[in-house]
S.K.: 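Let me begin by handing over the structure; questions about it come next.
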Amino acid sequence: MATWNINSVVRRTDQLLDWLARTQPDVVALQELKATTENFPVQAVKDAGYRSLVVGERSWNGVALLSRHELVPVIKALPGDASDKQARYLEAAINGMLFACLYLPNGNPQPGPKFDYKLRWFERLKKRTAELFATGQPVVLLGDWNVVPTDADIYKPDSWRKDALLQPESRQAFADVLAQGWTDAIKAVYPDKVPFTFWDYFRKHWERDAGLRIDHILVSSALRVLDAGVDRDERGAEHPSDHAPVWAEIELAEKRRKKPAAKPAVKRAAAKKSRPAPKPSAPSDAPLAG
DNA sequence: ATGCCGAGCATCGCTCGA
């Protein structure tokens, strides 16, 4: 499975199709479609082997879930404020698991009404994720969280200190979600030095690997993370999104008791940890996504 | 303090993103 803030699905349909064909994730969460539901490339995605569930919006926002398997809609908006019409949240059931695709408000400039909206949205999200975790069912939260969780998740924290993504309130809200019991998939695989997921278009930040980690995959306690990573090559492509896809391989936690033998996927994850993070120009890790 | 880049559109100048 994977999550990708694609920054216009119309502008980058070809890149999306190439990436799907190459990496073949089972489930994909997309954010910042910048397209209405009608303008989403449903047929091209279908031809690539994926069903799609889209909550679009003209010009801004927009989220979608793609799946190779049957995809049952659960909710198409974050509960808690019927007046909030921004297309930022979507849940679907796939293969007995629940997938939530979220695009958390950016919140800049800060302070101000946009930051207030971000924090209110986060409070609504915390309620929903607490409900989902409490079911004990396998649940995955994927998306652009617009939060740099700690100073270790950004190239140079002091240069972004006033940004909404680094504010103590934003970080506390993210920590509150994690404290419900979720596992941060990237952090689980890279406990020491995490890979970045976003590099803005300015000042050759990509070329300098001056990035941020703001796209996150959180899994519930019914699931176990086998491996995870970032498809950095997509950020180095022609006319790229400013975000790279983040992927994770998971399995049901109960499987561990049934199959105690070591799995190759686990070995691969262990080997990956011992390597230094690749440079932007280096080929990305094998982009297999469960 | 600002623009830097890139995308959408009520398009050639603004808003938004992060």
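Per chain, numbering begins at 1; letters A, B, ... match sequence-line order. Just so it is clear, the model here is predicted, and its values are computed rather than measured.
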S.K.: Can you check the A:Y103 OH to B:dA7 C1' distance for me, whole Å?
M.R.: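 To the nearest whole Å, that distance equals 12 Å.
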S.K.: Is the phosphate of B:dG17, meaning OP1 or OP2, less than 4.0 Å from a side-chain N or O of A:K114?
M.R.: yes
S.K.: Between A:H239 and A:Q86, who's closer to the 5' end of DNA chain B by nearest nucleotide?
M.R.: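 Its nearest nucleotide lies further toward 5', so the answer is A:H239.
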S.K.: Rounded to whole angstroms, how far apart are CD on A:E207 and C1' on B:dC4?
M.R.: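 Rounded to the whole Å, the gap is 13 Å.
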S.K.: Distance check, P atoms only: B:dC14 and B:dC4, in whole angstrom units.
M.R.: 12 Å
S.K.: Run the salt bridge (charged side-chain N to carboxylate O under 4.0 Å, His left out) test on A:E234 and A:R22 for me, step by step, so that the C-alpha distance in whole Å, both residues' side-chain angles and the decisive distance to 0.1 Å come before the verdict.
M.R.: CA-CA 11 Å; A:E234 302 307 318; A:R22 205 165 53 249; 2.3 Å; yes
S.K.: NA contact type, A:N39, heavy-atom cut-off 4.0 Å: base, sugar-phosphate, or nothing?
M.R.: nothing
S.K.: What is the distance, rounded to the nearest whole Å, between atom CG of A:D242 and atom C1' of B:dC16?
M.R.: 12 Å
S.K.: Write down the distance between CZ (A:R12) and P (B:dG6), rounded to a whole number of angstrom.
M.R.: 10 Å
S.K.: Would you indicate which nucleotide in B:dG17, B:dC9, B:dA7 comes nearest to any side-chain atom of A:R58?
M.R.: B:dC9
S.K.: Roughly how far apart, to the nearest Å, are B:dG6 and B:dT2 at atom P?
M.R.: 22 Å
S.K.: Return the stems involving DNA chain B, sorted by first number, where pairs are Watson-Crick (N1-N3 with N6-O4 or O6-N4) or G-U wobble (N1-O2 and O6-N3), both under 3.5 Å, and runs are 3 or more long.
M.R.: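 Ordered by first number, the stems with DNA chain B (at least 3 consecutive pairs each) read B:5-9 with B:13-17.
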S.K.: Check whether the aromatic ring of A:F202 stacks on the base of B:dC4, taking stacking as ring centres less than 5.5 Å apart and planes within 30° of each other.
M.R.: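 Check passed, A:F202 stacks on base of B:dC4.
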S.K.: Using the test side chain to side chain donor-acceptor pair (under 3.5 Å), find all partners of A:D242 that sit at least two apart in sequence or belong to another chain.
M.R.: none
S.K.: Throw together a table of side-chain donor-acceptor distances under 3.5 angstrom for residues 63-78 of chain A, partners on residues two or more places apart or in other chains.
M.R.:
{"from": "A:S67", "atom 1": "OG", "to": "A:H69", "atom 2": "N", "distance (Å)": "2.9"}
{"from": "A:S67", "atom 1": "OG", "to": "A:H69", "atom 2": "O", "distance (Å)": "2.8"}
{"from": "A:R68", "atom 1": "NH1", "to": "A:Y50", "atom 2": "OH", "distance (Å)": "3.1"}

S.K.: Checking all strands, does A:K118 fall into the base, sugar-phosphate, or nothing category for heavy-atom contacts under 4.0 angstrom?
M.R.: nothing
S.K.: Given the P atoms of B:dA1 and B:dG13, what is the spacing between them in whole Å?
M.R.: 28 Å
S.K.: CG of A:N61 versus P of B:dT15: gap in Å, rounded?
M.R.: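 One finds 17 Å between P of B:dT15 and CG of A:N61, rounded.
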S.K.: Using a 4.0 Å heavy-atom cut-off across all strands, classify A:H205 as base, sugar-phosphate, or nothing.
M.R.: nothing
S.K.: Using atom P in both nucleotides, what's the gap between B:dA10 and B:dC16 to the nearest angstrom?
M.R.: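 Going atom to atom, P in each nucleotide, I get 14 Å.
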S.K.: To the nearest 0.5 Å, what is the distance between CH2 (A:W160) and OH (A:Y155)?
M.R.: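 Reported value, rounded in 0.5 Å steps: 6.0 Å.
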S.K.: Give a yes or no answer on whether the side chain of A:R12 reaches the backbone of A:H239 with a donor-acceptor pair at less than 3.5 Å.
M.R.: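 At least one qualifying donor-acceptor pair exists.
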S.K.: side-chain contact (heavy atoms from CB on, under 4.5 Å), that's the test. Do A:D227 and A:W247 meet it? Break it down for me.
M.R.: CA-CA 8 Å; A:D227 201 0; A:W247 58 269; 3.7 Å; yes
S.K.: Find which nucleotide of DNA chain B each of A:S59 and A:F198 is nearest to by heavy atoms, and output the residue with the more 5' nucleotide.
M.R.: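 Looking at DNA chain B, the more 5' nearest nucleotide goes with A:S59.
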S.K.: From CH2 of A:W60 over to P of B:dC14, roughly how many Å is that when rounded to an integer?
M.R.: 15 Å
S.K.: Which label fits A:F122 and A:W145: parallel for a plane angle under 30°, tilted from 30 to 60°, or perpendicular past 60°?
M.R.: tilted
S.K.: When you check the gap from the basic side-chain N to the acidic O, do A:R235 and A:D209 get nearer than 4.0 Å?
M.R.: no
S.K.: Under 4.0 Å between any heavy atoms, over every strand shown, what does A:R203 touch: base, sugar-phosphate, or nothing? Just pick one.
M.R.: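 Counting heavy atoms under 4.0 Å across all strands, the contact made by A:R203 includes a base.
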S.K.: Which part of the nucleic acid does A:D200 contact within heavy-atom distance under 4.0 Å: base, sugar-phosphate only, or nothing?
M.R.: nothing
S.K.: What contact category does A:N5 fall into here, base, sugar-phosphate, or nothing, at under 4.0 angstrom with non-hydrogen atoms?
M.R.: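 Touches sugar-phosphate only.
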S.K.: In whole Å, I'd like the distance from the OH atom of A:Y117 to the P atom of B:dC16.
M.R.: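 Rounding to the nearest Å, OH of A:Y117 and P of B:dC16 are 13 Å apart.
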S.K.: How long is the line joining CD of A:E57 and P of B:dC16, in whole Å?
M.R.: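 Going from CD in A:E57 over to P in B:dC16 covers 12 Å.
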